[in-house]
Protein chains: 2
Amino acid sequence: MFSKTCQYAIKAVIYIHKQSLVGKKVGAKEIGQEIDAPDAFTAKILQILVRQQVVGSFKGPTGGFFVDKSHESKTLKDVVMAIDGDGLFHGCSLGLKQCSEVNPCPLHFEISNVRTKIIHMLTVKSLKQLAEEVGDGTTVLARFA
Amino acid sequence: MFSKTCQYAIKAVIYIHKQSLVGKKVGAKEIGQEIDAPDAFTAKILQILVRQQVVGSFKGPTGGFFVDKSHESKTLKDVVMAIDGDGLFHGCSLGLKQCSEVNPCPLHFEISNVRTKIIHMLTVKSLKQLAEEVGDGTTVLARFA
DNA sequence: ATCATAAAGGATAAAATTATCCTTTATTAT
DNA sequence: ATAATAAAGGATAATTTTATCCTTTATGAT
Ligand code: FES
Ligand code: FES
């Protein structure tokens with residue numbers, strides 16, 4: 001459903017939100033550890049997310065990744081779009097060169113129900129809410145055992 | 001959502017059903033052409049599908065791939081399981097080592113709605129029905145232009 | 001000003017997925 | 001029996017995805 005890179009991205013963004021809730025910027029290394037992802041690779045993913053303005057960053061001591069008001073309208077859907085593109089939302093699920101109801105593939109009409117639910121899943125909660133759920137232990141970003 | 005291999009598999013199986021509707025066995029080469037997939041690779045995928053008894057095969061002249069009554073209970077879900085495994089249905093969507101509602105990931109509770117729709121999409125129509133829709137031009141397995 | 005810190009960026013490298021080619025085995029037609 | 005056909009299987013290659021390492025740039029602390 002999501003590439004491994006995208007899974008890392010989703011977890012990283014939620015973790016950044018969680019730390020921003022308490023006013024902390026976080027480094028790529030710490031993020032990688034918290035989400036159980038290789039940290040150099042996490043850093044690469046974060047570069048993309050910063051360019052797409054899903055999160056913000058500052059260099060230097062006291063630097064790191066964070067979110068502020070300018071990011072508050074971003075959702076998990078934006079994270080997925082930034083990393084995996086819009087194939088999940090608009091591409092043909094069977095790989096036809098173009099998804100269209102003119103000459104549709106066999107899954108075309110059923111896929112829209114699935115897409116509706118995927119979009120719901122990725123937008124029903126704000127990144128802030130998702131971060132709070134991690135903060136209070138309702139959900140987790142890694143399982144080390 | 002599906003690997004490229006799985007997309008090929010789905011289209012191949014529907015095409016085999018379509019030809020079996022008119023009593024024809026089909027070769028890997030023909031299948032590859034009809035679904036716009038490399039034929040040697042298509043042949044590899046078909047090996048797996050035969051082993052998993054999603055379709056049948058015969059060697060030699062007049063041989064090829066086909067389906068008969070012994071395959072009529074198979075669905076697209078079985079095709080997906082045979083090729084991509086059960087990750088889509090039972091794995092953690094964020095890549096946690098194990099999907100469980102004990103220490104769930106942030107998407108765990110929403111993902112079940114998505115899975116329900118995916119399973120519906122992959123089981124609501126029989127492979128025979130899907131083949132008929134291709135047969136009557138309602139849907140297509142490739143878009144060459 | 002200088003140094004330490006951390007993100008950004010570039011260059012590889014490893015691993016997984018997708019793809020090709022060639023040989024072997026089973027089956028049918030002649 | 002022999003030749004032709006087509007799937008099965010093995011070996012290898014290309015491509016994409018995932019991962020690592022090192023240098024450069026920006027920023028803050030001293
Ligand atoms: S999903 Fe295949 S054509 Fe739309
Ligand atoms: S989907 Fe992530 S724990 Fe269930």
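In what follows, chains are A, B, ... by sequence order, proteins preceding strands, each numbered from 1. In this text the structure is predicted, and so the values were computed from the model without any measurement.
Applying the 6.0 Å contact sphere to CZ of A:F58 captures no more than 12 heavy atoms from other residues, nucleotides or ligands. By the neighbour-count criterion of 12 heavy atoms within 6.0 Å, atom NZ of B:K128 is sparsely surrounded, having that number or fewer from other residues, nucleotides or ligands. Counting heavy-atom neighbours within 6.0 Å of A:K97 NZ, excluding the residue itself, gives a total above 12. The neighbour count for A:Q53 CD, taken as heavy atoms of other residues, nucleotides or ligands under 6.0 Å away, does not exceed 12.
Rounding to the nearest 0.5 Å places CE of B:M1 at 10.5 Å from CG of B:D84. The CD atom of B:Q33 sits 9.5 Å away from the OG1 atom of B:T42 when rounded to the nearest 0.5 Å. The distance from the SG atom of A:C105 to the NZ atom of B:K11 is 8.0 Å, given to the nearest 0.5 Å.
Taking a 4.0 Å limit (strictly below) on heavy-atom distances, residues 30-47 of chain B reaches DNA chain C at B:P38, B:A40, B:F41, B:K44. Residues from residues 48-57 of chain A lying near DNA chain C, meaning a heavy-atom separation below 4.0 Å, are A:V50, A:R51, A:S57 in numerical order. Proximity of residues 2-27 of chain B to DNA chain D (heavy atom under 4.0 angstrom from any strand atom) is restricted to B:V26, B:G27. Listed in residue order, the members of residues 62-95 of chain B having a heavy atom less than 4.0 Å from DNA chain C are B:T62.
Two residues are said to be in side-chain contact when any heavy atoms from C-beta on lie closer than 4.5 Å; B:V13 and B:L127 meet this criterion. Looking at heavy atoms from C-beta onward, A:H17 lies out of side-chain contact with A:S20 at the 4.5 angstrom threshold. Between B:Y15 and B:E30 the shortest side-chain heavy-atom distance falls below 4.5 Å. Looking at heavy atoms from C-beta onward, B:T139 lies out of side-chain contact with A:L107 at the 4.5 angstrom threshold.
Of all the heavy atoms in A:D39 and A:A28, the pair that sits closest is CB-O, 3.9 Å.
Relative orientation of the B:H71 and B:F66 rings is perpendicular, given thresholds of 30° and 60° on the angle between their planes.
In this structure, B:K29 and A:F58 both approach DNA chain D, and ranking their closest nucleotides by distance from the 5' end singles out B:K29.
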Could you run down the sub-3.5 Å N/O contacts of the protein with nucleotides 23-26 of chain C?
from	atom 1	to	atom 2	distance (Å)
C:dT25	O2	B:K59	NZ	3.3
C:dA26	O4'	B:K59	NZ	3.3

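Cluster partners of B:V124 are absent, since no Ile, Leu, Val, Met, Phe, Trp or Tyr has side-chain heavy atoms less than 4.5 Å from it.
With a 6.0 Å cutoff to the six-membered ring centre and a 45° limit on the axis angle, B:K25 does not count as a cation-pi contact of B:F65.
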